[in-house]
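Each remark here refers to the structure printed beneath this line.
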Amino acid sequence: MIYNNHILLTYNNIYRAVDKCGRMIPVPYNSIVCAAAGGGAREPLFRNPSSSASVYLLQFNCNRRRINTNNRRNNNNNFMDSNNNMRTESYLRHVDSRKLMPNGAGHIPHLKAVILGEALASEEDDLVLPSKEFSDQANVHSPEQYMEMYKRSIEDPDGFWSEIASQFYWKQKWGEKVCDENFDVRDGKIKIEWFKGGITNVCYNCLDRNIEAGLGDKVALYWEGNEPGLDGSLTYSQLLNQVCQVANYLKDIGVKKGDAVIVYLPMINELPITMLACARIGAVHSVVFAGFSAESLAQRITDCKPKAVITCNAVRRGTKPILLKDIVDAAINDSAKDGVSVDVCLVYDNPVALKREDTKWTQGRDIWWQDVIPKYPSTCPVEWVDAEDPLFLLYTSGSTGKPKGVLHTAGGYMVYTATTFKYAFDYKPSDIYWCTADCGWITGHSYVTYGPLLNGATVLVYEGVIYFKTEIYCSLVDAKKFKAIISRRQKLSPGLSVIKAPNYPDAGRCWDIVDKYKVSIFYTAPTLVRSLMRDGEAVRYLYALMFTVYLCAIDLRINAFGFWIRYVTRYSRKSLRVLGSVGEPINPSAWRWFYNVVGDSRCPISDTWWQTETGGFMITPLPGAWAQKPGSATFPFFGIQPVIVDEKGVEIDGECSGYLCIKKSWPGAFRTLYGDHERYETTYFKPFAGYYFSGDGCRRDKDGYHWLTGRVDDVINVSGHRIGTAEVESALVSHPQCAEAAVVGVEHEVKGQGIYAFVTLVDSVPYSEDLRKDLILTVRKQIGAFAAPDKIHWAPGLPKTRSGKIMRRILRKIASRQLDELGDTSTLADPNVVKQLIEFSDS
Ligand code: WTA
């Protein structure tokens, strides 16, 4: 980049620059910070390479077009008009509050504050480099080192992976072939095998091996309860003891190698303990996220016919107790109707949420965890398994109603999760690692449990729900509307508490936890980043507080203490070193907020693209190696060969967009769909013969960076133009007043499909016709007129699962007014969001 005579403007949440002496200085929100016409301050401002992400440049700078006082006067560029006013339409995205340029820069009279966009419309040119200090200490410290390792992993995968695998304990080494695969349906049955004939045990490698290496007294799991103040920890030795007790119990009730065990537990230590206990005895765990309804749980029980179900009587989410045991009872009854009976239900007693005596009980089937587990010996011999024996089953949703039982096997998964964890997070033994995912999802399997423990890491397990949404704040400025919403909502659900904390007890909880445990690696989902972005920097105004009190509807703790407080910046976060993102494309503005505000422009972000099916990271930055581009997952992990194909399955080279496929297998790949190998082949290997088809769209830019554009089933075809919903969403959320957006396609008479956008606004911003137009204009400008949303639907909250995924199925139904076909909304973090959305349909 060149930095000639530019004017610097702060962008949305960016508020750091470097002064002449190289010191970091705060820059006021939404203000013009410097006009460096003629030099002076410009050098120091960019001395620190990472500051290029903190301060944004105008378009003319990226165009390499020089601007200075003279050429502005001469009007020989189209940045200023003939009255010496800045022309906003082509360069500036948003105008907010009136400010004048500082001395020496000239005035931009009609401008208020400026938020830039167009310089960054080409996100591809925005490189964020890791600092030299970071790269110097990183496991992979340069693009050259990455290239060398990557090249070897592709040219000699057997050598590359067996060298890594040898660092683990194998009772017996694998056979001749490290990898045996058929990836092409035209050549017969799809088969993936790694390290076949190798005898090992994943639990042994997570615990016993690390203890033998001297980590017995190192903390393996910290546990932080939903209620502040409730916490605990387990060292590697203590964890092994507890795992052995559970393993011995399972063996005692007849669970054997290859048997399935359903685990329906919240985020308490007993969840990873149970997973490890199953792995120790060769049983196949199938964790069902403890937010799924009885119906969904029953479906999974019926499919895998478990020897036992392990659950908890109840759990508190925020302030609300959820009666898990009741859900399990209903599910077991349902599955019995389908001929699958469950003989043992082990129940963890969680007195914080529900008293023992209030728990419904089936004598002979139900057993209290605390009554039996402590009685079992704390050592348990390991069941040695083949690398290709199953480790776990995890159900994931497909395009049909029936969930798919994704099956992972022991050896390859072990090697792959451990390696990806180590490199993508630049793991060091001194790190404290926190992944906010629940073990009910693949992220909780690979990157709460197996990946980190295989590395001997200290992991924080957090019980609380962090994907809460603020629902009402946005309408606080409009008292009438607010009252109307409340009365309507109360009519719909009497006794409903009208507000929930965005986080419990407040939006600062995450950062409080980061400081408490000195978390150094923080791995989360973009949805959390966006929710926190909305709340984190929000200043609560007096009138909001007054309405709050007046309506007696809001948790006063949040507002009274949130008044004038910044939820993120009041915490130190000094311990943070690496940030991570997963689950959906992270839009550049959320990326920047995460990077600049949460990470203080210091911590690289690993935007990890992967899937339940892939077992581990597939495309991810290696934080010390690459310059990052906000919103791009960057480059493939070792051994991964991503290709982009067109509709006919032809590989496209260079800069392109298309379907993301993978050529050749990798150790962490799933081996089949439980009980349905045919569906496995049809869904993943038949669409593009010779490749694994991810179901995602992807763009590769001129520098080879990968940009995930979302599920291809979420692609909208408007007048023959393919538009990724993620692209439109990204454009919408780049508008400073838009906190979150979800876009779906609706039938359109003329265009085939129209674009329907659900939009959540930043706190306190009122809905208005002007804003609606402005949002549409933003999309037109960023993508093109063809991508302009046909409808903006105001959304105080979006329907999300507890893991933070937006349920587009529901949004599609609301958009197309098929309100009687909304389907199961029980897995939503807050099912009431749906009612609210319907109320806002005609607004
Ligand atoms: C999406 C979660 C963009 C993608 C690990 C994928 C992402 C689906 C990213 C898998 C990312 C996950 N950038 N999109 N970094 N990570 N996805 O199976 O559409 O719950 O196909 O696994 O999430 O979701 P799953």
Side-chain angles (χ1 to χ4, degrees), residues 12-18 24 26 48-55 126-142 420-437 447 452 457-460 466 508 510-526 528-530 532-533 536-537 566-582 586-608 617 620-634:
N12 205 353
N13 296 299
I14 310 305
Y15 61 103
R16 291 271 196 280
V18 180
M24 293 293 273
N48 174 352
S50 67
S51 71
S52 64
S54 307
V55 182
D126 189 27
L127 288 179
V128 180
L129 293 145
S131 67
K132 186 172 177 322
E133 300 78 65
F134 190 96
S135 290
D136 284 352
Q137 60 79 60
N139 295 335
V140 180
H141 49 78
S142 65
T420 45
F421 175 82
K422 173 176 163 188
Y423 287 109
F425 293 134
D426 188 46
Y427 172 71
K428 300 284 153 46
S430 54
D431 278 316
I432 307 288
Y433 166 77
W434 180 20
C435 166
T436 62
Y447 301 109
T458 296
V459 182
L460 171 65
I466 49 173
C510 266
W511 322 120
D512 185 32
I513 295 173
V514 164
D515 282 359
K516 175 173 171 184
Y517 293 95
K518 309 262 177 302
V519 170
S520 56
I521 306 174
F522 178 66
Y523 185 37
T524 193
L528 176 80
V529 175
R530 287 194 297 265
L532 294 174
M533 183 170 155
E537 290 296 284
R566 287 164 184 264
Y567 278 122
V568 183
T569 48
R570 76 179 180 209
Y571 295 99
S572 141
R573 293 158 289 112
K574 283 258 175 327
S575 55
L576 289 173
R577 215 168 66 73
V578 177
L579 303 173
S581 164
V582 61
I586 179 163
N587 48 291
S589 61
W591 193 102
R592 290 195 184 91
W593 184 85
F594 200 26
Y595 182 80
N596 287 297
V597 179
V598 175
D600 275 334
S601 314
R602 169 172 49 81
C603 311
I605 298 176
S606 287
D607 174 5
T608 59
F617 304 150
T620 175
L622 298 186
W626 288 108
Q628 299 188 0
K629 295 188 181 188
S632 164
T634 72

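Source: prediction; values computed, not measured.
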Q) Looking only at heavy atoms, what is the nearest atom pair of L460 and V519, with distance? A) CD2-CG2, 4.1 Å
Q) Do Y523 and T608 have side-chain atoms, one donor and one acceptor, less than 3.5 Å apart? A) yes
Q. Are side-chain heavy atoms of V128 and K629 found at a separation under 4.5 Å?
A. no
**Q.** Heavy-atom check, side chain of D431 versus side chain of R577, under 4.5 Å
**A.** yes
Q: Check whether any side-chain heavy atom of F425 sits under 4.5 Å from a side-chain heavy atom of P623, and report yes or no.
A: no
(Q) For a 4.5 angstrom cut-off between non-hydrogen side-chain atoms, does L576 reach V514? (A) yes
Q) Does the gap between the ring centers of Y447 and Y433 come in under 6.0 Å? A) no
Q: Not counting sequence neighbours, which residues clear salt bridge (Lys or Arg N to Asp or Glu O under 4.0 Å) with D607? List them please.
A: none
(Q) Under 4.0 Å between a side-chain nitrogen and a carboxylate oxygen: does that hold for K574 and D600? (A) no
(Q) If I take atom CZ from residue F522 and atom SG from residue C435, how far apart are they, to the nearest 0.5 angstrom? (A) 9.0 Å
Q.
Pairing donors with acceptors under 3.5 angstrom, does anything connect the side chains of T436 and T524?
A. yes
Q.
To the closest 0.5 Å, what do you measure between OG (S520) and CG (D426)?
A. 10.0 Å
Q) Hey, are the side chains of R592 and V597 touching, using non-hydrogen atoms and a 4.5 Å cut-off? A) no
Q) Taking the side chain from S581 and the backbone from I586, do they hold a donor-acceptor pair closer than 3.5 Å? A) no
Q | Exercise: identify the closest heavy-atom pair between P630 and P588 | A | O-CG, 3.7 Å
Q. Checking K516 side chain against W511 main chain: does a donor-acceptor pair fall under 3.5 Å?
A. no
Q.
So which atom in V529 and which in A590 form the shortest heavy-atom distance, rounded to 0.1 Å?
A. CG1-O, 3.6 Å
Q. Are W434 and Y517 close enough that some pair of their side-chain heavy atoms sits under 4.5 Å apart?
A. no
(Q) Can you list everything that forms a salt bridge (Lys or Arg N to Asp or Glu O under 4.0 Å) with D512? Sequence neighbours excluded, please. (A) none
Q) Less than 4.0 Å between a side-chain N and a carboxylate O, is that true for D515 and R573? A) no
**Q.** Shortest non-hydrogen separation from S135 to P130 and the atoms involved
**A.** OG-CG, 3.5 Å
Q. Is there a side-chain contact between S606 and L579, using heavy atoms and a 4.5 Å cut-off?
A. no
Q. With sequence neighbours left out, what residues match K518 under salt bridge (Lys or Arg N to Asp or Glu O under 4.0 Å)?
A. none
Q: Decide yes or no on side-chain contact (heavy atoms from CB on, under 4.5 Å) for S601 and Y595, but give the supporting numbers first.
A: CA-CA 5 Å; S601 314; Y595 182 80; 3.9 Å; yes
Q) Which value, rounded to the nearest 0.5 Å, describes the distance between C510 atom SG and L528 atom CG? A) 5.0 Å
Q: To the nearest 0.5 Å, tell me how far K422 NZ sits from L622 CG.
A: 12.0 Å
Q: Indicate yes or no: at least one non-hydrogen side-chain atom of P604 is less than 4.5 angstrom from one of Q628.
A: yes
